[in-house]
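Single-structure report; data block below.
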Amino acid sequence: MTGKLTLSRAINEGLRRALESDDKVMIMGEDVGKLGGVFRVTDGLQKDFGEHRVVDTPLAESGIVGTAIGLALRGYRPVCEIQFDGFVFPATDQIVSQLAKMRYRSRGAVSLPVTIRIPFGGGIGAVEHHSESPEMFFAHTAGLRVVACSDAAEAFTMIQLAIESEDPVIFLEPKRRYWDKAEVDTATPLSGALPLDKARVVVPGDDVTLLSYGPLVRTCAEAAVAAREDGRSVEVIDLRTLSPLDMPTIAESVDKTGRCVVAHEAPVFGGLGGEIAARVTEACFYNLEAPVLRVGGFATPYPPSRLEDHYLPDLDRILDGVDRTFEF
Amino acid sequence: MTDSELIQLLTPEGERLAHPMYPLDDSEVDLKGLYRDMTLVRRVDTEAISLQRQGELGIWASLLGQEAAQIGSGRALAPADMAFPSYREHGVAWCRGLEPEKLIELFRGVSHSGWDPAERKFHLYTIVIGDQTLHATGYAMGIQRDGADDEAVIVYFGDGATSQGDVSEAFNFASVFNAPVVFFCQNNQWAISESNERQTRVPLYQRASGFGFPGVRVDGNDVLACYAVTRQALRAAREGQGPSLIEAFTYRMGAHTTTDDPTRYRIASELETWKLKDPIERVRVYLARSGQADSGFFEKISAEADELGARIREACRAMPDPAPLSLFDHVYAGSHAILDAERERFAAYLDSFESEGASR
């Protein structure tokens with residue numbers, strides 16, 4: 001079946017598919033049951049799959065992830081919802097010290113196929129702690145896979161692949177894109193989907209490579225359209241996977257274009273852009289026409305929402321980054 | 001605390017008591033076996049401390065003084081029950097059939113753990129304080145979903161851990177979901193250098209009532225009481241009566257670990273007082289006085305302990321360092337391009353020395 005779905009609905013359909021295909025799959029979190037989640041991502045699932053499989057938990061993030069680990073040890077495949085990015089930190093110990101490391105610590109005896117869904121990023125005019133980009137805390141942690149979806153079609157398959165993974169997956173959902181609609185082919189079998197550890201070219205181009213993930217993929221695609229009017233051919237890549245990075249796809253593009261800009265909402269300092277810049281420099285050194293540039297959040301806490309338009313990279317700031325790579 | 005609050009079936013002087021709530025006949029329990037267990041794990045402990053002093057182990061966390069709490073509760077477990085330890089539960093590991101050499105591996109630094117938790121029904125040692133209480137609770141929630149009413153979970157933690165948020169969250173999750181989990185707190189009076197007064201203003205077992213499940217305090221140096229109380233708590237959990245908290249009131253007779261120096265923070269007379277309540281000695285007195293064991297039995301156990309000590313010593317010294325490239329193993333289930341590239345490069349780096357004739 002093909003039809004237009006919002007990104008939120010597409011994840012809902014993906015979760016439904018996972019719940020149907022494997023009776024060990026569970027959903028747990030705050031308000032995920034009757035309410036269907038504050039963004040309605042789990043809407044209707046408790047009604048159809050029962051309170052034992054779609055569990056409203058006490059309001060404690062460490063408790064959610066810690067008990068999910070115990071359920072996974074028992075053979076379950078929990079999908080935890082962290083209600084907002086800024087609320088993941090109480091669970092950080094369980095994620096970093098336990099979830100990420102248990103396979104390694106047990107020398108492969110233990111698998112923890114736990115998915116942690118986190119609505120992330122800003123742009124919705126929210127109060128503080130509701131607009132953060134905590135991805136690098138987790139990308140820095142060995143043992144986790146970290147992925148970000150960018151549109152409804154991707155979200156539908158990626159959530160299912162994340163749940164299917166034997167490794168723990170941090171699944172980042174661009175919350176300001178929850179309401180964006182796209183064509184989603186729910187009939188395509190999962191086996192034909194692009195694997196979770198691959199990036200994809202969203203807009204092909206020749207002059208400069210523009211890398212992003214999550215909410216800024218759409219902004220970058222719009223920037224490519226705008227740049228074309230100025231005669232610049234921008235290749236936009238949706239990274240999809242932050243850990244591991246799909247370096248072959250990135251390097252192939254930069255070898256072709258000779259220029260690279262990375263855009264993300266997270267602060268530039270210590271962000272994924274820095275890691276990519278180092279790796280692109282190493283992999284594409286002789287083909288680079290300019291240094292890899294980064295466009296991102298500032299070295300400040302996330303500002304009050306009336307200032308967030310200045311903080312968040314928008315089309316113009318991304319184009320400014322693109323322009324600057326041609327100044328070298 | 002009044003004496004009536006402390007559940008006791010065998011006094012420090014070796015007198016056998018009855019308790020109306022926890023009836024236990026001598027015929028129901030292999031007391032000689034419990035004596036053997038406690039004596040042997042104490043020997044494992046002594047041997048491991050020596051090995052650390054000789055530079056064979058990086059560190060060791062001693063269980064000295066807590067043998068009764070661990071063996072009593074450990075022997076109360078049914079084969080299908082799952083145990084979640086902290087990092088001092090060498091006695092529980094023993095009851096689960098785990099070879100002490102597996103524990104030695106961890107403290108020697110050749111692995112983070114050497115056993116399959118599902119196979120042994122004994123989870124990995126957990127060093128971040130209190131984290132395992134949530135894993136145990138989640139596991140118990142899984143038992144509920146499986147409809148496995150012949151299984152329960154026990155989780156071990158210390159008095160210091162009760163200050164951790166995760167432990168309170170575990171109490172609450174277990175209570176709200178009525179999960180079949182027994183919280184077994186070994187209150188050994190000391191969290192490294194901090195005494196109980198810095199962790200709590202109420203007796204720890206009373207915490208349970210605020211979460212809505214029963215809590216009891218048992219003489220943690222009384223192996224029979226620990227056995228009887230744990231057996232009953234596990235039975236209640238299996239029967240669907242939900243979680244409970246057992247506070248085993250005991251004493252850490254040694255240092256926190258081999259890196260610690262307790263003379264800096266506690267007075268010697270305290271240790272002397274607790275030595276009179278030794279968990280093994282009271283069983284020896286009772287077994288001898290009641291005619292259940294003669295000197296031949298005690299000599300045999302002593303000889304067995306010597307043999308075990310020698311076995312561990314030899315196994316430890318013979319334990320090879322792992323192969324360098326094994327440090328990359330088991331991070332992920334599948335391939336991870338970044339990690340794979342690092343392994344490949346490091347292997348080539350190591351090989352570059354081999355080609356020069358140097359050894360790895």
Side-chain angles (χ1 to χ4, degrees), chain A residues 23-24 26 28 52-53 55-76 78 90 93-94 96-98 100-113 142-145 165-168 195-198 241 243-248 275 279, chain B residues 82 84 106 111-120 123-128 130-146 148 153 155 164-166 168-170 172-177 179 181 322 326-341:
Chain A
D23 62 10
K24 294 292 186 188
M26 292 175 58
M28 46 200 297
H52 265 250
R53 297 191 65 196
V55 185
D56 273 329
T57 64
L59 212 161
E61 287 77 12
S62 189
I64 293 168
V65 176
T67 53
I69 290 169
L71 280 154
L73 289 169
R74 181 74 191 179
Y76 286 84
D93 168 56
Q94 287 288 349
V96 172
S97 295
Q98 305 297 337
K101 295 182 171 66
M102 219 173 273
R103 171 181 298 280
Y104 191 70
R105 290 170 55 221
S106 68
R107 296 198 282 195
V110 170
S111 275
L112 294 179
L144 300 174
R145 294 182 185 274
S165 170
E166 288 301 317
D167 292 315
L196 211 49
D197 61 354
K198 295 284 181 240
T241 171
S243 176
L245 269 177
D246 177 9
M247 278 310 296
E275 181 64 30
R279 287 177 183 272
Chain B
M82 183 71 190
F84 285 82
L106 167 67
S111 79
H112 290 322
S113 93
W115 64 92
D116 179 346
E119 182 194 327
R120 303 301 188 119
H123 191 62
L124 312 180
Y125 270 9
T126 298
I127 289 175
V128 182
D131 281 19
Q132 73 279 11
T133 55
L134 281 167
H135 308 158
T137 301
Y139 191 95
M141 290 163 66
I143 288 177
Q144 288 178 306
R145 278 158 182 75
D146 293 343
V153 180
V155 57
Q164 287 282 358
D166 274 9
S168 285
E169 291 187 25
N172 196 43
F173 271 65
S175 181
V176 164
F177 293 116
V181 55
S326 71
L327 79 88
F328 294 99
D329 294 344
H330 306 302
V331 182
Y332 295 92
S335 68
H336 184 283
I338 302 295
L339 171 73
D340 295 346

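Letters A, B, ... are given to chains in the order of the sequence lines, protein chains preceding strands, and every chain is numbered from 1. Everything quoted here is computed from the prediction, not taken from an experiment.
- Both the backbone and the side chain of A:Arg145 come within contact range of chain B, each with at least one heavy atom under 4.5 Å from a heavy atom of that chain.
- Neither the backbone nor the side chain of A:Val65 comes within less than 4.5 Å of any heavy atom of chain B.
- Within the 4.5 angstrom heavy-atom criterion, only backbone atoms of A:Asp56 (N, CA, C, O) approach chain B.
- Taking 4.5 Å as the limit, every side-chain heavy atom of A:Leu73 sits out of range of all side-chain heavy atoms of B:Pro117.
- Annotation: maximal heavy-atom pairing with chain A below 4.5 Å, among B:Gly165, B:Gly114, B:Ala140, occurs at B:Gly114.
- Contacts between A:Met26 and chain B at a heavy-atom distance below 4.5 Å involve the side chain alone, from C-beta outward.
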Exercise. Kindly indicate, with the supporting measurements, whether the criterion salt bridge (Lys or Arg N to Asp or Glu O under 4.0 Å) is fulfilled by B:Asp146 and A:Arg74.
Key: CA-CA 9 Å; B:Asp146 293 343; A:Arg74 181 74 191 179; 2.7 Å; yes
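- Note that CD of B:Glu169 and CD of A:Gln94 are 8.5 Å apart. Values are rounded to the nearest 0.5 Å.
- Using a 4.5 Å cut-off between heavy atoms, A:Ser243 touches chain B through backbone and side chain atoms alike.
- Of the atoms belonging to B:Ile127, not a single heavy atom falls under 4.5 Å from chain A.
- Interface remark: A:Ser111 contributes no atoms to any contact with chain B (heavy atom separation under 4.5 Å).
- Residues forming a salt bridge (charged side-chain N to carboxylate O under 4.0 Å, His left out) with A:Asp197 (at least two apart in sequence, or on another chain): none.
- A:Asp93 has its side chain within reach of B:Asp166: a pair of non-hydrogen atoms, C-beta onward, lies under 4.5 Å apart.
- With rounding to the nearest 0.5 Å, the separation of OG1 in B:Thr137 from CD1 in A:Ile69 is 12.0 Å.
- Of the atoms belonging to B:Ser168, not a single heavy atom falls under 4.5 Å from chain A.
- Counting heavy-atom pairs under 4.5 Å between each of B:Glu119, B:Met82, B:His123 and chain A puts B:His123 at the top.
- The most heavy-atom pairs under 4.5 Å with chain A, out of B:Gln132, B:His112, B:His336, come from B:His336.
- Put simply, the side chain of A:Asp167 never gets that close to the backbone of B:Tyr332: no donor and acceptor are under 3.5 Å apart.
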Self-check item: Full working for side-chain hydrogen bond (donor to acceptor under 3.5 Å, both in side chains) between A:His52 and B:Gln144
Solution: CA-CA 9 Å; A:His52 265 250; B:Gln144 288 178 306; over 6 Å; no
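- No side-chain heavy atom of A:Arg107 sits less than 4.5 Å from a side-chain heavy atom of B:Ser113.
- In terms of non-hydrogen atom pairs under 4.5 Å with chain B, the most contact-rich of A:Leu144, A:Thr241, A:Asp246 is A:Leu144.
- Under the 3.5 Å distance criterion, the side-chain polar atoms of B:Tyr139 are left unmatched by any main-chain donor or acceptor of A:Leu71.
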Practice problem: Take B:Met141 and A:Thr67 through the test side-chain contact (heavy atoms from CB on, under 4.5 Å) and record every step on the way to the result. | Solution: CA-CA 8 Å; B:Met141 290 163 66; A:Thr67 53; 4.0 Å; yes
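- The side-chain heavy atoms of A:Pro58 and B:Phe177, taken from C-beta on, include a pair separated by under 4.5 Å.
- Distance alone, capped at 3.5 Å, places no donor-acceptor pair between the A:Gln98 side chain and the B:Asp131 backbone.
- Both the backbone and the side chain of A:Ala60 come within contact range of chain B, judged by heavy atoms closer than 4.5 Å.
- Residue A:Lys101: no heavy atom, backbone or side chain, is found under 4.5 Å from chain B.
- Within the 4.5 Å cutoff, the side chain of A:Leu245 has heavy atoms near those of the B:Ile338 side chain.
- Residue pairs that meet the salt bridge (Lys or Arg N to Asp or Glu O under 4.0 Å) test with at least one member in residues 136-145 of chain B, sequence neighbours left out, do not exist here.
- Ranked by non-hydrogen atom pairs under 4.5 Å with chain A, the options B:Ser111, B:Ala118, B:Ala174, B:Ala341 are led by B:Ser111.
- For the set A:Pro168, A:Ala109, A:Gly143, the count of heavy-atom pairs under 4.5 angstrom toward chain B peaks at A:Gly143.
- The residue among B:Asp116, B:Ile143, B:Leu339 with the most heavy atom pairs within less than 4.5 Å of chain A is B:Ile143.
- Neither the backbone nor the side chain of A:Ser165 comes within contact range of chain B; no heavy atoms are under 4.5 Å apart.
- Among all heavy-atom pairs drawn from B:Tyr125 and A:Arg105, the shortest one is O-NH2, 2.6 Å.
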